[in-house]
Amino acid sequence: MDAIAHSALSHAASRGTIAADLLAWYDTHARALPWRVRPGGNAADPYRVWLSEVMLQQTTVAAVIPYFAAFTARWPTVADLAAAPEEDVMAAWAGLGYYSRARKLVECARAVAAMGGFPGTEAELRALPGLGPYTAAAVAAIAFGQRAVVVDANVERVVARLFAIDDPLPGGRAAIRAATDAITPDARCGDFAQGVMDLGASICRARDAQCLICPLSAHCAARVAGDPLTYPVKPAKVAKPERQGRAYALIRDAGAGAQVWLVRRAGKGLLGGMRALPDDGWTARADGSATPPMPGDWRAGGRLRHVFTHFALALELQVYLAPPSATPPSGEGEWWPLAQIEQAGLPTVFARAAALIPRAPD
DNA sequence: AAATCGTGGGT
DNA sequence: TACCCAAGATT
């Protein structure tokens, strides 16, 4: 027997099932993440699992960690979160993005509190606000030990490579899900899901498949073919349109006690429900209508470029230093101390714009 | 069912 | 720099 054949044979002989090999790797390589800590007990806390999963939707672990810490410190239980004013939760979410998640979070917390706790089946979880196919399966598996087929972007990538599934997304998701179902174990389903996600995040990465240290390399069709980076096959991306618009900083009592006029955006749509500077309508048009919130001596206060998911915005800040007796605009809004603007819970685009407002030296 | 919905970090 | 990507859900 030549060396290569012998190597392949011994490799195959020491190979377990995909689930067994993955779980053995997870036992020694699991990332230490805050939502995996189980203070005061051995059972996973469904509240912490759910909260982390919602925060992690389309969001990196590094971005979530400080928000998870702040939320769990301020609202230790789902009942605490259910009792919180929605505006407080929206402000606490500011900067994390996809703000409809924050509203659904409150909706869900209140529904769960009214039910007396989280339901324990995937179907019941799926019916809660903000829980789609992924999150419902993840909470069922991780918090309740139920067998569920958990498919996120990491799982899609790992499984597409394992079985060399080359059907382009999103159509290819059916085959990927079926393959994931086939390798998902009955026992330790939550650990299996988290293990595949950890593998995808640390080894089987989008632009860097480290097959030499991968615990599943013996099972992997893409590794054999030598082209793991080609999976999963994704559709071509479309160019982002450019929009331009203005935001308005209406200032009164210019000086150390300066205040700025803030509004609350409509509940749905871009940055829905968030506190914000008034703007000229770039949300709905490629070009804003350039109408300030009130007449006045508006002057250019700086520019910034901000890239959203499906368009890029060139934003010009307009500033008006109104007299102390100025009557505020007729619409809803509030005066906010400029010195504490960072506490206002502005989404990032408006926080960046507010940072351009000239400050009076005190 | 294709479009919409944020942001920060890595390359 | 510009692009890619991340524990997707909703309509």
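To find a chain, count down the sequence lines: A is the first, B the second, and so on, and within it residues start at 1.
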Item to complete: To the nearest Å, give me how far apart CZ (A:Phe308) and C1' (B:dA3) are.
Response: 16 Å
Practice prompt. Answer yes or no: is there an ion pair linking A:Asp198 with A:Arg31, defined by an N-O contact shorter than 4.0 Å?
Written response: yes
Item to complete: Specify the separation, in whole Å, of atom NZ of A:Lys268 and atom C1' of B:dT4.
Response: 13 Å
Item to complete: Please state whether the rings of A:His29 and A:Trp25 are parallel, tilted or perpendicular, taking 30° and 60° as the class boundaries.
Response: parallel
Fill in: A:His306 side-chain N/O to B:dT7 phosphate OP1/OP2 under 4.0 Å
yes
Item to complete: For A:Lys240 and for A:Ala153, find the nucleotide of DNA chain C with the closest heavy atom, then tell me which residue's nucleotide is more 5'.
Response: A:Lys240
Worksheet entry | For A:Val233, the rest of its hydrophobic cluster, which grows through side-chain links under 4.5 angstrom | none
Worksheet entry | Interatomic distance, A:Tyr67 OH vs B:dG6 C1' [rounded to whole Å] | 10 Å
Worksheet item: With a 3.5 Å cut-off and no angle check, do the side chains of A:Asp80 and A:Thr77 form a donor-acceptor pair?
Response: yes
Worksheet item: If you look at every strand shown and take non-hydrogen atoms under 4.0 Å, does A:Pro129 touch a base, only sugar-phosphate, or nothing?
Response: sugar-phosphate
Worksheet item: When rounded to the nearest Å, what value does the distance between P atoms of C:dA7 and B:dA2 take?
Response: 24 Å
Worksheet entry | Residues in contact with DNA chain C, drawn from residues 178-190 of chain A - heavy-atom cutoff 4.0 Å | none
Discussion item. Using a 4.0 Å heavy-atom cut-off, does A:Arg157 contact any base of the nucleic acid, only the sugar-phosphate backbone, or nothing at all?
Written reply: sugar-phosphate
Discussion item. With rounding to the nearest 0.5 angstrom, report the CD to NZ distance, A:Glu156 to A:Lys234.
Written reply: 7.5 Å
Worksheet item: Do NZ/NE/NH1/NH2 and the carboxylate oxygens of A:Arg147 and A:Asp181 come within less than 4.0 Å?
Response: yes
Worksheet item: Heavy-atom distance under 4.5 Å between the side chains of A:Trp336 and A:Leu346, does that happen here?
Response: no
Discussion item. When you group the ILVMFWY residues by side-chain heavy-atom contacts below 4.5 Å and let the links chain together, are A:Leu199 and A:Met197 in the same group?
Written reply: yes
Discussion item. Contact list please: residues 92-115 of chain A against DNA chain B, heavy atoms, distance less than 4.0 Å, in numerical order.
Written reply: A:Gly95, A:Leu96, A:Gly97, A:Tyr98, A:Tyr99
Discussion item. Any base atoms under 4.0 Å from A:Pro133, or only sugar-phosphate, or nothing? Heavy atoms, all strands.
Written reply: sugar-phosphate
Would you tabulate the pairs of protein nitrogen or oxygen atoms and nucleotide nitrogen or oxygen atoms of nucleotides 9-11 of chain B closer than 3.5 angstrom?
none

Worksheet item: Would you call A:Glu87-A:Arg275 a salt bridge at under 4.0 Å N-O?
Response: no
Worksheet item: Partners of A:Glu53 by salt bridge (Lys or Arg N to Asp or Glu O under 4.0 Å), sequence neighbours excluded?
Response: none
Worksheet item: Have A:Gln244 and A:Glu242 got a donor and an acceptor in their side chains that come within less than 3.5 Å?
Response: no
Item to complete: For A:Val54, report the nucleic acid contact type (base, sugar-phosphate, nothing); a contact means any heavy atom under 4.0 Å.
Response: nothing
Fill in: Bounds of contact between DNA chain C and chain A, in 5' to 3' order, using a heavy-atom cut-off under 4.0 Å
C:dC4 to C:dT11
Item to complete: Please determine if a side-chain N or O atom of A:His310 lies less than 4.0 Å away from the OP1 or OP2 oxygen of B:dA3.
Response: no
Fill in: Separation between CD1 of A:Ile176 and CG of A:Asp167, rounded to the nearest 0.5 Å
8.0 Å
Discussion item. Ring centroids only, cut at 6.0 angstrom: are A:Phe308 and A:His306 within range, meaning strictly under it?
Written reply: yes
Fill in: Distance, rounded to the nearest Å, where A:Leu270 contributes CG and B:dG6 contributes P
5 Å
Worksheet item: Quantified in whole Å, what is the P atom distance between nucleotide B:dG6 and nucleotide C:dT11?
Response: 14 Å
Response to the item:
Closest to the 5' end of DNA chain C, once A:Leu128 and A:Ser52 are matched to their nearest nucleotides, is A:Ser52
Worksheet, complete the sentence: d(A:Leu338 CG, A:Gln259 CD) to nearest 0.5 Å is 9.5 Å
Worksheet item: For A:Thr348, which contact category applies under a 4.0 Å heavy-atom criterion: base, sugar-phosphate, or nothing?
Response: sugar-phosphate
